[in-house]
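Chain naming here is simple, since letters A, B, ... match the order of the sequence lines and numbering starts at 1 in each.
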Protein chains: 2
Amino acid sequence: MAAEKAIEVSAEIKDEVAAKTMTATAHLKIRQLILDNKWPPGYQATEQEVASMLGMSRTPVREALMRLQQDGLVSVVPRHGMRVLPISPSDMKEIYDILTSLESTAAELAAARHLTEEQLKGLERATADMDKALERDDLDRWAQADARFHEQLLELSGNKMLKSVVLNFIDRAHRVRMLTLKMRPKPVNSTRDHAELVNAIRAGDVEKAGTIHREHRRRAGRELLDLLERLGLNHL
Amino acid sequence: MAAEKAIEVSAEIKDEVAAKTMTATAHLKIRQLILDNKWPPGYQATEQEVASMLGMSRTPVREALMRLQQDGLVSVVPRHGMRVLPISPSDMKEIYDILTSLESTAAELAAARHLTEEQLKGLERATADMDKALERDDLDRWAQADARFHEQLLELSGNKMLKSVVLNFIDRAHRVRMLTLKMRPKPVNSTRDHAELVNAIRAGDVEKAGTIHREHRRRAGRELLDLLERLGLNHL
DNA sequence: GCATTCGATAATGAATACGTTAATGTATTG
DNA sequence: CAATACATTAACGTATTCATTATCGAATGC
């Protein structure tokens, strides 16, 4: 009875992830389905349905769903199965306040470490890629480079726990950011912000690195929230 | 064969938590055993052993252990069961950097909300209790009041996700803080800091609220790390 | 005596089985 | 006709079973 659902699981996703355990596989696949909007906000399915779709038993699916619930991507309510959580503007505000706080701390930590040019290389490259992508109006590539920049920065902060928390919140916001990517003003000054940030980090200017990134995130958050409000988008 | 372990599960803990599901029960009980240091850092047990101790099957225990792993309290390694994670000084630094960042953000958010006296009541009471406890040299009670203060502050920030992240990191650091509570200098200026913070929040002074709390946490973190280093405590 | 290989053991990851309980639809009653 | 009671069903939570595989120890060879 769970044979087909409104949204089918594409074959690629079904096989490409050759992970270790079924639980890990289930977690990865479901997460990807959600991030890619293949399972849109509000999408519901019972444990058994998900299990059938993924070709495994309920046990690992159940475990994966519990993890995803902790990750803030789904909610699991008895008798109704899992449900992909929609993101409201107020959720986005919460997320952006957290990201602003933690990422600027990451910038400060990175600046305090007096990194070598070698270590800064990754940030430089990502910045350059963002620039290039922007020139070509290739927003998808820009987003990729931007993501790389942020991940590098987190890595360079040296704080592993901070990194994993931030990556989780980036996941939560992913869908909304992708959906609005092409609606918001081109991120022209984003590149400049990033370049300035790299310089501050290179100079070991903790204060400045933190401030630049805080302002950068604040602005981005405000723009995004304004957009959501203007468009009346309430649950994404 | 799992009948008795070096460390027995006390009867109170075994029964007092009458939660809904076995999984939730297991999670709560194990968490409590770890926070109370009944299962000290490095403590190991197989799924089956834990299940026997808690009087349930492996299934809910397994689920609980996965959650606790995400919470950063245990690690689960195949064939060796769960292991209570020790906290190193470098872990403590990571945790304190995160707490400093997020809690000062919480203070800023609270200040920005222009709270009513009614809402500030909880903070006032907690501060007063800290004072009283300190006068009586009752550090346990002081710690309780301190915890209440921080939880109230998080609540007043209005950011639920931030609150839950912070509470998780407070959990991770709990053991170390309790162990060092009586070794570090009496938190005499802590009360003053908190009173000042409440005033800044009352006045709606975002900048000041953030700064005060940031400095407060930074100082506390430094003191704690210095202590750990002086005592050569490496895994708690 | 020490290292290595082989095999018994046990712990895990996953599937399955089972009892409980909430949701749904039907029948009954006012 | 509306509301309530009841029966049915299915989803879940947990226990149990099963296959796989790493680990530990003993036996063997050097």
Side-chain angles (χ1 to χ4, degrees), chain A residues 1-7 9 13-15 17-31 39 42-71 73-85, chain B residues 1-7 9 13-15 17-31 39 42-71 73-85:
Chain A
M1 74 218 48
E4 45 249 288
K5 264 301 222 176
I7 290 153
V9 179
I13 290 180
K14 210 162 187 173
D15 300 314
V17 187
K20 305 180 252 248
T21 67
M22 297 302 256
T23 303
T25 306
H27 182 262
L28 266 177
K29 287 185 180 175
I30 298 172
R31 169 177 172 276
W39 285 5
Y43 178 73
Q44 290 197 19
T46 66
E47 290 178 0
Q48 182 55 62
E49 285 168 338
V50 176
S52 305
M53 287 187 251
L54 300 181
M56 57 183 76
S57 79
R58 271 178 55 217
T59 310
V61 167
R62 199 180 147 74
E63 292 174 352
L65 290 178
M66 298 191 70
R67 269 188 70 190
L68 290 161
Q69 185 167 37
Q70 267 192 92
D71 293 341
L73 293 182
V74 310
S75 79
V76 177
V77 311
R79 311 282 154 186
H80 294 277
M82 56 139 276
R83 175 162 158 280
V84 176
L85 282 176
Chain B
M1 69 215 52
E4 48 248 287
K5 263 298 216 175
I7 291 154
V9 179
I13 290 180
K14 212 163 185 172
D15 300 315
V17 187
K20 303 182 248 252
T21 69
M22 297 303 252
T23 302
T25 307
H27 181 262
L28 267 177
K29 286 184 180 175
I30 298 171
R31 170 177 173 275
W39 284 5
Y43 177 74
Q44 289 197 17
T46 65
E47 291 178 0
Q48 182 55 62
E49 285 168 339
V50 177
S52 305
M53 287 187 252
L54 300 181
M56 58 184 75
S57 81
R58 272 177 56 219
T59 310
V61 167
R62 199 180 148 73
E63 292 176 350
L65 289 178
M66 299 191 69
R67 269 189 69 188
L68 289 162
Q69 185 167 37
Q70 268 192 92
D71 292 342
L73 293 182
V74 310
S75 78
V76 176
V77 309
R79 311 283 155 186
H80 294 277
M82 56 139 275
R83 175 163 158 281
V84 176
L85 281 177

Compare every heavy atom of B:A45 with every heavy atom of B:V50, then report the nearest pair and how far apart it is.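 Closest approach of B:V50 to B:A45: CG2-CB, 3.8 Å.
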Over all heavy atoms of both residues, which pair between A:G55 and A:M22 is shortest? Give the atoms and the distance, please.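 So the two residues come closest at O-CE, 4.3 Å.
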5′-ward residue of the pair A:P60/B:G81 relative to DNA chain C: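 By nearest-heavy-atom nucleotide position, the 5'-most residue is B:G81.
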Considering heavy-atom distances to DNA chain C, does A:T23 or A:P78 have its closest nucleotide positioned more toward the 5' end?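 Residue closer to the 5' terminus by nearest nucleotide: A:T23.
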To the closest 0.5 Å, what do you measure between [atom1] ([X]) and [atom2] ([Y])?
X: A:M66; Y: B:H27; atom1: CE; atom2: NE2; answer: 8.5 Å
X: B:L73; Y: B:I30; atom1: CG; atom2: CD1; answer: 10.5 Å
X: B:S57; Y: B:Q48; atom1: OG; atom2: CD; answer: 8.5 Å
X: A:K29; Y: A:L54; atom1: NZ; atom2: CG; answer: 6.0 Å

Quickly work out the [X] [atom1] to [N] [atom2] distance and round it to whole Å.
X: A:E47; N: C:dA22; atom1: CD; atom2: P; answer: 16 Å
X: A:M66; N: D:dG13; atom1: CE; atom2: P; answer: 8 Å
X: B:K20; N: C:dA22; atom1: NZ; atom2: P; answer: 12 Å
X: A:H80; N: C:dT24; atom1: NE2; atom2: P; answer: 6 Å
X: B:M22; N: C:dT21; atom1: CE; atom2: P; answer: 13 Å
X: B:Q48; N: D:dA15; atom1: CD; atom2: P; answer: 11 Å
X: A:E63; N: D:dG13; atom1: CD; atom2: P; answer: 13 Å
X: A:M56; N: C:dA14; atom1: CE; atom2: C1'; answer: 10 Å

Please enumerate all protein N or O atoms sitting under 3.5 Å from an N or O of nucleotides 16-20 of chain D, with distances to 0.1 Å.
{"from": "D:dT16", "atom 1": "O4", "to": "B:T59", "atom 2": "OG1", "distance (Å)": "3.4"}

Quick one: which of C:dT12, D:dG13, C:dG13 gets closest to the side chain of A:R62?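 That would be D:dG13.
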Determine whether the side chains of A:T59 and A:E63 contain a donor N or O and an acceptor N or O closer than 3.5 Å.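 No.
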